[in-house]
Amino acid sequence: MGMRIMVVGGGGREHAVIRAIRKNPAVTEIFALPGNGGIAADATCVDIGAKDIDGMVRFAVDQAIDYAIVTPDDPLVLGAVDALTAAGIPCFGPDRKAAIIEGSKAFSKNLMKKYGIPTAAYEVFDDMDKALAYLDTAPCPIVVKADGLALGKGVIIANDREEARQAVVDMMANAKFGKSGSTVVIEEFLTGPEVSVLAFTDGHTVKPMVSSMDHKRAGDNDTGLNTGGMGTVAPNPYYTPAIAKRCMEEIFLPTVRAMNAEGRPFKGCLYFGLMLTPKGPRVIEYNCRFGDPETQVVLPLLESDLLTVMQAVTEERLDQVEVTFSGKAAACVIMASEGYPSHYEKGFPITIPAETAPYVFSAGTALRDGQLVSAGGRVLGVSAVADTLTEALQLAYGRVSTIHFDGAFYRHDIGRRALQAGKESV
Ligand code: AMP
Ligand code: GLY
């Protein structure tokens, strides 16, 4: 009997997961909840939102789903994996108790302090007057973060005290990030290259994936607002084998052990957002899931079968499967809607040549009378794999140039810093 798989979510990351899962010959049907216009070419999209936990459980039971994969932060933090598991559906993803590692920055910072995991020094405040008083003597620049989920936008790097005070007032008094900002974390400003490492873990074994580098600012040369991510490359040249070893010993294993000790064993993909500071690697953030758009460069380099690895995580036998990567390089350039991450227009027809389509991960797209149209801020992730990063970038940008929709914009410098670090020429 073939396997029926359900993937919760509807972004470029989910499209990359679906493409990887499809490679397993035992898979006969993949449902995406809700998926998107482009994903519809690779899976059956079902109109159930990623936060509709009751709806997804009912669908999984009715459709006799054999395995569910939950990748977005919201359903994980809301307990989608708990609900599906209770209904007898085997699942990939952490339960609600473990997803708090992303759901609350105060939790994750306290965890790191308690277990000696290196991170920026910090204080947590739920009282605005105390937060403002603390800022009176704190050094600048300084970083102010909303406690809860804020789509990667709840982080303010304040260059001076006035900016920091404004950020605290916006979050705590003006509720700029809703309830997410009623508690704030104020932390030390760190410097150094950033590395994303996604790792499979079943609570016992940790198997890191190939490292990657995100580009978070909207504009070229890291200008403009923070976004969900405008492009990625893998591997990340700053992440040397020596640093990888240190991260495993000082960060990855201690984190998994700490979660166990807290009675919150983590099973799924644990995302380490790291900064390689002059004093060593530091955790900037944990995510309880695959990164977006990191997944779009990491999974195309995965040689092992993704579904097999995921099932091994669920069944806590990750030590028994191989997780190998190809040794090639990958790049992904996000094509976004003009104005993202602030206001933007949607509904523009998208044209993608047939030969380019297999390399395009669809994010904010919809189908309107059979025509693919833009439907979000980040619209497409255009990817390539090649022997070197230089070639992968050339291929990816070549593909970008063949795609059209009105108001499309993208960064022109994805991978530039990685190439400089890797001492390759463009
Ligand atoms: P986060 O959502 O916590 O990953 O933060 C978003 C971005 O803000 C990170 O990718 C960093 O570029 C930056 N950032 C966060 N925390 C710090 C920090 N303590 N020092 C310097 N930059 C930071
Ligand atoms: N690319 C960063 C994230 O997924 O949060």
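What's counted below: heavy atoms across the whole structure, side chains too, no hydrogens, waters or symmetry copies.
Counting only distance, with no hydrogens or angles, the side chain of S374 and the backbone of F348 share a donor-acceptor pair below 3.5 Å. Formation of a donor-acceptor pair under 3.5 Å by the R96 side chain with backbone atoms of D82 is not found in this model. With hydrogens and angles ignored, the 3.5 Å screen pairs a side-chain donor or acceptor of N36 with a backbone N or O of A363. Formation of a donor-acceptor pair under 3.5 Å by the K105 side chain with backbone atoms of T183 is not found in this model. In this structure a side-chain-to-backbone donor-acceptor pair under 3.5 Å is missing from D73 to C288. With Q371 contributing its side chain and I350 its backbone, the two residues share a donor-acceptor pair below 3.5 Å. A side-chain donor-acceptor contact under 3.5 Å links R4 to the backbone of Q63. Between the side chain of R282 and the main chain of T277, no donor-acceptor pair closer than 3.5 Å is present.
Smallest separation of non-hydrogen atoms from T201 and L318: CA-CD2, 3.8 Å. The two residues P254 and M248 come nearest to each other via the heavy atoms CD-O, 3.7 Å. Between I414 and L393, the shortest heavy-atom contact is O-CD2, 3.2 Å. Between I403 and P353, the shortest heavy-atom contact is CG1-CD, 4.5 Å. Of all heavy-atom pairs between G12 and D292, the closest is N-OD2, 3.8 Å. Shown here for V313 and G268, the closest heavy-atom pair between the two residues is CG1-N, 3.5 Å.
Note: R22 CZ to R19 CZ = 7.5 Å, rounded to the nearest 0.5 Å. Taking NZ from K145 and CD1 from I156, the interatomic distance works out to 11.5 Å, rounded to the nearest 0.5 Å. Put simply, CD1 on I100 and CE on M259 are 8.0 Å apart, with the number rounded to the nearest 0.5 Å. Separation of atoms CG (L372) and OG1 (T351) is listed at 9.5 Å; rounding is to 0.5 Å. Rounded to the nearest 0.5 Å, atoms OG1 (T119) and CD (E188) are 8.5 Å apart. Note that the CD1 atom of I334 and the CZ atom of F361 stand 10.0 Å from one another [nearest 0.5 Å].
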Yes or no on side chain to side chain contact (heavy atoms under 4.5 Å, CB included) for N221 and R416, after CA distance, side-chain angles and deciding distance? CA-CA 9 Å; N221 303 315; R416 192 176 291 166; 3.8 Å; yes

For side chain to side chain contact (heavy atoms under 4.5 Å, CB included), just list the numbers for F290 and V298, CA-CA rounded to whole Å, side-chain angles, deciding distance to a tenth of an Å, and then say yes or no. CA-CA 10 Å; F290 284 93; V298 169; 5.9 Å; no

How far apart are the C-alpha atoms of I101 and T255, what are their side-chain angles, what is the distance that settles it, and do they pass the side chain to side chain contact (heavy atoms under 4.5 Å, CB included) test? CA-CA 10 Å; I101 197 165; T255 300; 3.9 Å; yes

Run Y397 and V333 through side chain to side chain contact (heavy atoms under 4.5 Å, CB included) and show every step you take. CA-CA 7 Å; Y397 275 110; V333 178; 3.7 Å; yes

Passes salt bridge (Lys or Arg N to Asp or Glu O under 4.0 Å), R411 versus D222? Steps please. CA-CA 9 Å; R411 278 183 59 163; D222 292 327; 3.1 Å; yes

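For H204 and D319, the side-chain atoms include no donor-acceptor pair closer than 3.5 Å. With 3.5 Å as the limit, one finds no donor-acceptor pair spanning the side chains of S337 and K346. T402 and T356 are linked by a side-chain donor-acceptor pair at a separation below 3.5 angstrom, with hydrogens and angles left out of the test. If you check the side chains of E294 and S212, you find no donor sitting under 3.5 Å from an acceptor. No hydrogens or angles considered: a donor-acceptor pair under 3.5 Å links the side chains of E14 and T71. In the model, T232 has no side-chain atom that pairs as donor or acceptor with a side-chain atom of D214 under 3.5 Å. T314 and Y67 are linked by a side-chain donor-acceptor pair at a separation below 3.5 angstrom, with hydrogens and angles left out of the test. In the model, T44 has a side-chain atom that pairs as donor or acceptor with a side-chain atom of E29 under 3.5 Å.
For CZ of R217, the number of neighbouring non-hydrogen atoms (other residues, nucleotides, ligands) closer than 6.0 Å is greater than 12. Counted within 6.0 Å of CD on E303, heavy atoms from surrounding residues, nucleotides or ligands total more than 12; the atom is thus considered enclosed. For D47, the CG atom is loosely surrounded, since the number of other residues' heavy atoms within 6.0 Å does not exceed 12.
L419 pairs in a side chain to side chain contact (heavy atoms under 4.5 Å, CB included) with only one of the listed residues (T388, L389, D413, V233), which is L389.
Residues C247 and Y239 have side chains in contact (heavy-atom distance under 4.5 Å, counting atoms from C-beta outward). Within the 4.5 Å cutoff, no side-chain heavy atoms of L306 are placed close to those of N24. Within the 4.5 Å cutoff, the side chain of S362 has heavy atoms near those of the L380 side chain. Two residues are said to be in side-chain contact when any heavy atoms from C-beta on lie closer than 4.5 Å; Y122 and M112 fail this criterion. N236 has its side chain out of reach of S196: every pair of non-hydrogen atoms, C-beta onward, lies at least 4.5 Å apart. Counting heavy atoms from C-beta outward, F107 and D147 have side chains that stay 4.5 Å or more apart. At least one side-chain heavy atom of L299 sits less than 4.5 Å from a side-chain heavy atom of L302. Contact annotation: the side chain of M6 never approaches that of I89 to less than 4.5 Å [non-hydrogen atoms, C-beta and beyond].
A salt bridge between K216 and E285 is present, with a side-chain N of the basic residue lying under 4.0 Å from a carboxylate O of the acidic one.
The side-chain tip of R399 points at the ring of Y359 from less than 6.0 angstrom away and within 45° of straight on.
Aromatic pair Y271/Y286: centroids not less than 6.0 angstrom apart.
The aromatic rings of F92 and F200 sit perpendicular to each other, their planes meeting at more than 60°, with 30° as the lower class boundary.
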